[in-house]
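Here's the structure, in structure tokens; my notes come after.
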There are 2 protein chains.
Amino acid sequence: MALTDDAIARIRSMIQSGELPPGTRLPPEPQLAAQMGLSRSGVREAVKVLESARVLDVRRGDGTYVTSLAPRLLLQGLGVAVELLRDDTLLEVMEVRRILEPMATGLAALRMTDADLDELGQILEDMRAAADDAEKLIQFDTAFHHTVIATTGNETLTSLLDGLSGRTLRARVWRGLIEGNAAHKTIDEHHAIYLALRSRDQLLAQASALIHVNTSEAWLRTVLAAKTAEG
Amino acid sequence: MALTDDAIARIRSMIQSGELPPGTRLPPEPQLAAQMGLSRSGVREAVKVLESARVLDVRRGDGTYVTSLAPRLLLQGLGVAVELLRDDTLLEVMEVRRILEPMATGLAALRMTDADLDELGQILEDMRAAADDAEKLIQFDTAFHHTVIATTGNETLTSLLDGLSGRTLRARVWRGLIEGNAAHKTIDEHHAIYLALRSRDQLLAQASALIHVNTSEAWLRTVLAAKTAEG
DNA sequence: AACGCAGCAAACGTCCGATGTCTCTATAGT
DNA sequence: ACTATAGAGACATCGGACGTTTGCTGCGTT
């Protein structure tokens with residue numbers, strides 16, 4: 001299998017070299033096919049791969065364009081990859097989060113603005129109000145952490161952590177939390193993080209984030225153990 | 001655009017739900033097409049996307065199989081994504097490495113075996129011997145860090161850091177190092193990390209790794225600045 | 001002159017059928 | 001029992017055709 005993969009590599013190479021900068025429009029499929037010496041079918045497969053990687057943006061009836069190549073786009077694939085990881089490797093993901101999230105939260109403590117803090121406080125209130133709705137809890141939990149990390153101003157870091165905290169993973173943790181009547185404790189942990197951030201205390205923010213990740217990991221272990229037992 | 005993307009989502013969903021566990025062989029393309037209500041062309045595009053994500057393994061003349069879904073496979077895409085990031089976001093990547101690599105190296109200090117240390121010492125010797133060959137320096141540098149991180153036993157963490165330390169990024173840093181006559185200094189930094197690991201000193205390992213990443217980042221800044229100036 | 005609408009051309013989406021090439025396996029022969 | 005070979009099955013690639021969407025152009029109206 002060489003033709004299609006060659007085409008993928010060649011297009012990617014042209015983008016990486018700057019020959020096709022963001023926003024560039026690619027030649028129409030038939031022309032591109034002729035240019036690369038393969039049929040339109042092959043080109044379509046290649047383009048589809050790059051589109052799924054958010055490298056190309058295909059607009060029907062219009063044409064195919066190079067995306068902005070922003071980290072938030074290119075790192076989006078990490079999320080779907082994590083979703084497919086098997087149960088026995090989820091603890092590895094948690095170990096990475098255990099490293100990344102506290103440090104990132106510590107950074108956020110230094111860089112956060114008052115407006116950011118207000119937004120965070122609002123999310124916290126929403127979370128307390130939704131204490132009975134698992135679906136909303138997960139949603140606000142996601143928003144809380146995303147907001148914190150985003151204030152670091154590092155889009156790559158934010159996208160990476162977003163990907164590592166996939167929806168399925170979060171849902172499992174919250175399932176454990178709720179069934180174990182530990183939802184309120186976890187909300188308190190969010191509050192602790194919020195207080196540390198508000199006082200711009202880097203070390204305290206870091207510590208409270210670590211404790212929070214640790215709690216999540218513990219409940220994930222519980223959920224995984226329960227599943228193993230019943231399976 | 002719905003048919004092909006639906007097919008991608010549906011296959012992915014079947015894998016995530018466990019309906020198609022690792023190693024499973026998918027139905028032949030024509031049959032899969034009929035089953036999902038679209039043409040063989042559409043199925044091929046869908047399969048190609050999942051193959052590029054290392055979710056499926058297509059063997060010509062044989063059939064299509066679900067891969068092991070191991071982190072090392074699924075997170076491989078991170079590498080190519082990072083390779084496509086634009087220059088102004090590479091510093092963001094370095095900030096993530098600045099967080100991840102020292103902590104991981106610290107973990108390695110706790111978990112490393114004598115055999116691991118011997119292997120590391122060998123790589124270090126090779127690096128010193130290759131001090132004039134940029135290509136080999138990059139190769140041994142990559143091997144050094146990969147070996148260290150791999151001893152944490154966390155395949156997810158290892159794959160993530162491998163992806164963040166793409167070949168292009170490393171090559172640029174080393175270009176700066178060599179042109180700035182700082183190659184020997186960097187090799188010494190590797191030696192410092194090695195010594196810290198050999199004495200199983202977590203904090204020292206962490207600190208020496210941070211210093212090393214910091215040096216890399218500094219030279220990357222230099223290279224990027226030079227490029228901006230000449231461009 | 002400015003605005004709006006219809007129609008046209010270009011480009012992607014999907015399908016179909018045919019042919020090439022590679023793998024695996026089962027069979028026949030030694 | 002082993003090996004070589006022939007066949008079937010599966011993916012790789014191609015070429016063309018038709019549908020659908022989008023963007024633009026030019027005409028007509030105000």
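In what follows, chains are A, B, ... by sequence order, proteins preceding strands, each numbered from 1. For clarity, every value in this text was computed on a predicted model and none was experimentally measured.
Going from atom CD of B:Glu29 over to atom P of C:dG20 covers 18 Å, rounded to whole Å. With rounding to whole Å, A:Gln31 atom CD is found 10 Å from C:dC12 atom P. Per the geometry, CD1 belonging to B:Ile8 stands 12 Å off P belonging to C:dG13, to the nearest Å. Across the protein-nucleic acid pair, A:Asp5 atom CG and D:dT13 atom C1' stand 13 Å apart, rounded to whole Å. Atom pair A:Leu56:CG and C:dC12:P shows a separation of 11 Å (rounding to whole Å applied). Look at CG on A:Leu3: it is 12 Å from C1' on C:dG20, rounded to the nearest Å. B:Arg40 has its CZ atom 11 Å from the C1' atom of C:dC16, to the nearest Å.
Among the protein residues, A:Arg59 comes within range of the sugar-phosphate backbone only, with heavy atoms under 4.0 Å from sugar or phosphate atoms but none that close to a base.
Between the side chains of A:Asp116 and A:Thr113, at least one donor-acceptor pair of N or O atoms lies under 3.5 Å. Side chains of B:Asp126 and B:Gln122: a donor-acceptor N/O pair is present below 3.5 angstrom, by distance only.
An OP1 or OP2 oxygen of D:dC11 is reached within less than 4.0 angstrom by no side-chain nitrogen or oxygen of B:Arg44. Checking the phosphate oxygens (OP1, OP2) of C:dC12, a side-chain nitrogen or oxygen of A:Thr64 falls inside 4.0 Å.
Taking the side chain of A:Val58 as heavy atoms from C-beta on, and the options D:dA10, C:dC22, C:dG13, the nearest nucleotide is C:dG13. In this structure, the nucleotide among C:dC15, C:dA11, D:dA12 sitting nearest to the side chain of B:Arg60 is D:dA12. Nearest nucleotide to the side chain of A:Asp62, out of D:dG23, C:dC22, C:dT14: D:dG23.
Both B:Glu45 and A:Gly63 lie close to DNA chain C; mapped to their nearest nucleotides by heavy-atom distance, the more 5′-ward contact belongs to A:Gly63. In terms of position on DNA chain D, the residue among B:Arg25 and B:Ser41 whose nearest nucleotide sits closer to the 5' end is B:Arg25.
Residue-environment remark: CZ (A:Arg72) stays at or below the threshold of 12 foreign heavy atoms within 6.0 Å. Atom CZ of B:Arg175 has 12 or fewer neighbouring heavy atoms from other residues, nucleotides or ligands inside a 6.0 Å radius.
Using cut-offs of 30° and 60° on the angle between ring planes, the pair A:His212 and A:His190 is perpendicular.
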